[in-house]
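Written below as C-alpha cells is the structure these notes are about.
A note on names: the letters A, B, ... follow the listed sequences, proteins ahead of strands, and every chain is numbered from 1. Keep in mind the model is a prediction, meaning the values are calculated, not measured.
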Amino acid sequence: MNGYEYSNGYGHDPYVNGDPLDLSDDGPRVTIRTLAHNTIDFSIRNTSLALANSLRRAILAEIPTIAIDLVTITTNTSVLADEFIAHRLGLVPLSAKDVDKLQYSRDCDNCTDYCENCSVVLTLDVENRTSDEHIHVFAKHLFLSSQSGYRPHNTLHNSATTDDLPEMGTPICSDEDRNGPLICKLRKGQALKIKAVAKKGIAIEHAKWAPTAAVGFEYDPWNKLRHTQYWYEVDAKEEWPAPEKNGQMEAPPQEGEPFDYNAEPRAFYYNLESIGTMPPDAIFHNGIKVLQQKLASVMTVLKETSDPTQPNEFDNAARGGQSPDMNGMGTAYGGQSAYGGRSAYGGPVGGENGGMTPGYGGQSAYGQGGMTPGAMPYGSRGY
Amino acid sequence: MDSSTPATPQKRTPKHAGGLVNANEDGGNPYATPPRKSPTKKPAEFQVHGSYASRVPAVRDPKFHGSTESKQVPAYNNVPDRFELFVLGEDEKKIEYKAVTQIANAAEFTFNKEDHTLANLLRDKLFRMDQVQFVGYKVPHPLFATFELRIQTDGTISPKDVLYKASEELIRELATLDQEFTKEFELKKLAANVPNGGMEI
C-alpha cells in the first residue's frame, strides 16, 4: 500500500480500493473510512496536490449556505446589547436545504431589499413575565415566519441525508435536548422580540456562512517526500509520535531506503466535519460544484474574448460586463456530466459535433485552424 | 457605528448581522397592527413590560457623548466590504489578458476577484501539459482579490486555448471525483444499513 507515484511509473496499489478490475480510468479514487451523521473520514488518491488543496479551500470558504444577516429589534430588555445579540443570531446554524434554489439578495430581481425569493424571515419573541428563574433563550425559539410560529416536533434533528434536513432556515439543534445554541438569558421582566432575515452567502464574506466545523487534511504521513523537516533535540524518530490513523494507510519507510526525489504526493486524507446545516456528503458535492463553476466561468469568458497573441484572427470581440454564468454554464451542474453547457448551443457551426459528451471529442477550441467568417461558436449575435 | 447608515437602493450592498442592527420603532402601542413595509425605517421607542413604568431616555450631555445631532455621515472609512473579494466591480471583467510582447506565444491573464483556490489549480494543470513551456501565477497584493497567470506555449496552441483546454479537463476530473465519491458513499451507506454495521449515530 503506498500513496506515491514512483518514478518508474508504478501507479497506485490496485488493491487499495478493493476493485482490481477497475483500473481503466486514470482518474481520482475515493476511499471512505468512517461515515457518521456529521463526519466523513475519507481519502482521495491519484490526483494532484493542487486539486486536493483547492477542493479543501473551496469546501471551507465558498459553499453557499444561509445565515441570519439582518436583525430588526423590536424589544430588547436583556442585559446584552442589541448588536451583541444580533451578532450571536448571525452565528446560529440554519438548515441549508435547497439553498441553491435561493437567490443571492444582491442578485434578486424580484425586490429591492429582500423577499421570499432571496431570504427567509425568522422571528423570536420570548418574554420572562413571571418566572423567578432565568429564561434561557435558545435557537429553538426562532421560528420561520412562514410556519406562523409552529414547528413539528421532530424537525430539529440534523441528519445524514439532505432529505432529512428540516425546511430551509430552520435552526439546527444538535444537542441532546434539541435546544440549539444559547442566545441570551432573561430575568423576570425582560423580553426579547426580534425579526431576523436570513440570506444566502459564503464563508469568504463571513464565517457564519461556513457549513463545515473543520476539514482535516493530511498527505504523506511518514514524510517520505521530505516536504517538512522535524525539529528534534536528539533523534526526531524517537521524539515525534508515529502517525496513527493515516500512517496505517501507507507503508512506513524502510531503514536505509533511498530518497525518491521524483515522487509526488498522491494520496490525501480528509476528515470532513459538518456543522449540521447540510450533510457532509452534500458539502463535498457542493465543494466540487463550486470549483466546476469557477472553471466553467473561466471557459465562458475565454470563449468570448479575442486572442491578442494571434494576429488577425477572426474571433469574438471582448464583451465586457457579462455575468459569468450566462449561457447557463454556471448552473448546469446538477448531474454527472459537468459539461452540460454545450448542449445549449447545438446550432450548426462548422466542425462542431453538437454532442453532449463530457469529453472534448474531435473538435478543437482553435476552430480547426481558424474560423471562417460568419461562423461563431456561440451562435450569431446581432452586434 | 458606521453600519447605521441608511440602506441605499443599490442591490450590491449586503448588510451584516455581524454589524448592523435596525431598531424598528413604531410608536407606543404594543397592540397596534404592524406598520407597512416602507423603504426607510423610522426610529421608534423601545417597548418595556412589567414593573418598569415609562423609560426616560437619558439626556446625552454633549460633554461626554459628543453632539446630540444624529450623525448620518460616518468618519472616513477605508475598510473595503468583504464581498468585494468575490463580487466583480463595475466595469471589471473576470479575466483580462494581454500578450507578452517580447516572447512569442506568451500571454498574461489577470483574473479579478479570484484567489489561490483557482490560481493554483489552473497553474498545476497547465504545468503538466506538454505543450506548455512556462506557467506561473502571482497574487500581486494580498489585500486585493486578483491574480496574474502567465502562460507560454510551444506554438502549437495559443495560451488562451491551452487555458481553455486545461479548464475543461479539470472539470472532467472533478466530475470523475464526484462520481467516485458518490459510488463509495452509497456503498458505505448500504453497508451501514445492516444494523450496527459500523455506522455511528
Side-chain angles (χ1 to χ4, degrees), chain A residues 25 27-32 35-37 44 48 50-51 53-54 57-58 68-75 77 82-83 86-87 89-90 105-106 112 127 189 191 204-206 281 284-285 288 291-292 294-299 301-302 307-310 320 324 336-339 358 360 365-366, chain B residues 7 9 11-12 14-18 20-24 46-52 82-83 85-86 91 93-95 98-99 105 107 116-118 120-121 123-124 157-161 163-165 167-168 170-181 184-185 188-189 192 199-201:
Chain A
D25 277 347
R29 295 267 168 272
V30 178
T31 313
I32 296 187
L35 198 60
H37 65 291
I44 303 184
S48 64
L51 191 135
N53 190 43
S54 287
R57 285 175 66 98
I68 291 177
D69 202 35
L70 184 61
V71 177
T72 303
I73 301 192
T74 311
T75 309
T77 42
D82 286 350
E83 60 271 24
H87 177 251
L89 286 166
S105 245
R106 57 178 174 260
T112 43
E127 188 187 344
I204 289 187
E205 193 173 349
H206 195 284
D281 63 311
F284 185 88
H285 291 302
I288 294 202
L291 281 179
Q292 285 177 328
K294 278 185 191 277
L295 292 161
S297 75
V298 166
M299 285 168 70
V301 174
L302 281 179
D307 192 342
T309 62
Q310 307 305 315
Q336 302 291 353
S337 162
Y339 203 29
Y360 207 34
Y366 214 47
Chain B
K11 287 300 294 184
R12 285 179 165 245
K15 305 288 182 197
H16 299 289
L20 174 68
V21 158
N22 212 342
N24 191 7
F46 291 106
Q47 306 287 335
V48 215
H49 304 267
S51 53
Y52 304 91
R82 278 298 278 192
F83 60 80
L85 292 174
F86 52 93
D91 299 331
K93 292 201 267 269
K94 190 74 187 171
I95 308 178
K98 49 189 206 294
N105 305 308
H116 302 275
T117 307
L118 185 63
N120 197 34
L121 187 59
R123 184 217 37 93
D124 189 78
I157 189 173
S158 84
K160 181 177 98 136
D161 292 329
L163 179 59
Y164 187 93
K165 194 162 148 215
S167 310
E168 206 175 16
L170 275 169
I171 292 185
R172 230 181 306 149
E173 199 176 332
L174 285 165
T176 315
L177 180 57
D178 205 22
Q179 289 171 19
E180 285 293 318
F181 185 88
E184 182 74 8
F185 184 72
K188 275 283 184 313
K189 254 195 357 183
M199 181 137 155
E200 326 154 23
I201 298 271

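Here the CG atom belonging to Leu35(A) is positioned 8.0 Å from the NZ atom belonging to Lys188(B), to the nearest 0.5 angstrom. Taken to the nearest 0.5 Å, the CG atom of Leu121(B) stands 6.0 Å off from the CG atom of Leu291(A). How far CZ of Phe86(B) is from CD1 of Ile204(A): 6.0 Å, rounded to the nearest 0.5 Å. Taken to the nearest 0.5 Å, the NE2 atom of His285(A) stands 13.0 Å off from the CG atom of Leu174(B). Atom NZ in Lys165(B) sits 14.5 Å away from atom CG in Leu302(A) (nearest 0.5 Å).
In this structure, chain A has heavy atoms under 4.5 Å from both the backbone and the side chain of Leu170(B). Looking at Phe181(B), both its backbone and its side chain come within 4.5 Å of chain A, counting heavy atoms on both sides.
The minimum heavy-atom distance linking Met299(A) with Ile171(B) is given by the pair SD-CD1, 3.7 Å. In plain terms, the two heavy atoms of Ser54(A) and Thr117(B) that are nearest each other are OG-O, 2.7 Å. Taking all atoms of both residues into account, the shortest heavy-atom contact from Ala175(B) to Gln292(A) is N-NE2, 3.3 Å.
Every residue two or more places apart in sequence or in another chain that forms a side-chain hydrogen bond (donor to acceptor under 3.5 Å, both in side chains) with Asn120(B) is listed here: Arg123(B). For Arg57(A), the salt bridge (charged side-chain N to carboxylate O under 4.0 Å, His left out) partners are Asp115(B), not counting sequence neighbours.
The pair Arg82(B)-Glu205(A) does not meet the salt-bridge criterion, since no charged nitrogen lies less than 4.0 angstrom from a carboxylate oxygen.
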Query raised in the report: Hey, mind stepping through Leu295(A) and Leu118(B) against side-chain contact (heavy atoms from CB on, under 4.5 Å) and telling me if it holds?
Result: CA-CA 8 Å; Leu295(A) 292 161; Leu118(B) 185 63; 3.9 Å; yes
Query raised in the report: Which is it for Leu51(A) and Asp124(B) under the side-chain contact (heavy atoms from CB on, under 4.5 Å) test, yes or no, and what are the steps along the way?
Result: CA-CA 8 Å; Leu51(A) 191 135; Asp124(B) 189 78; over 6 Å; no
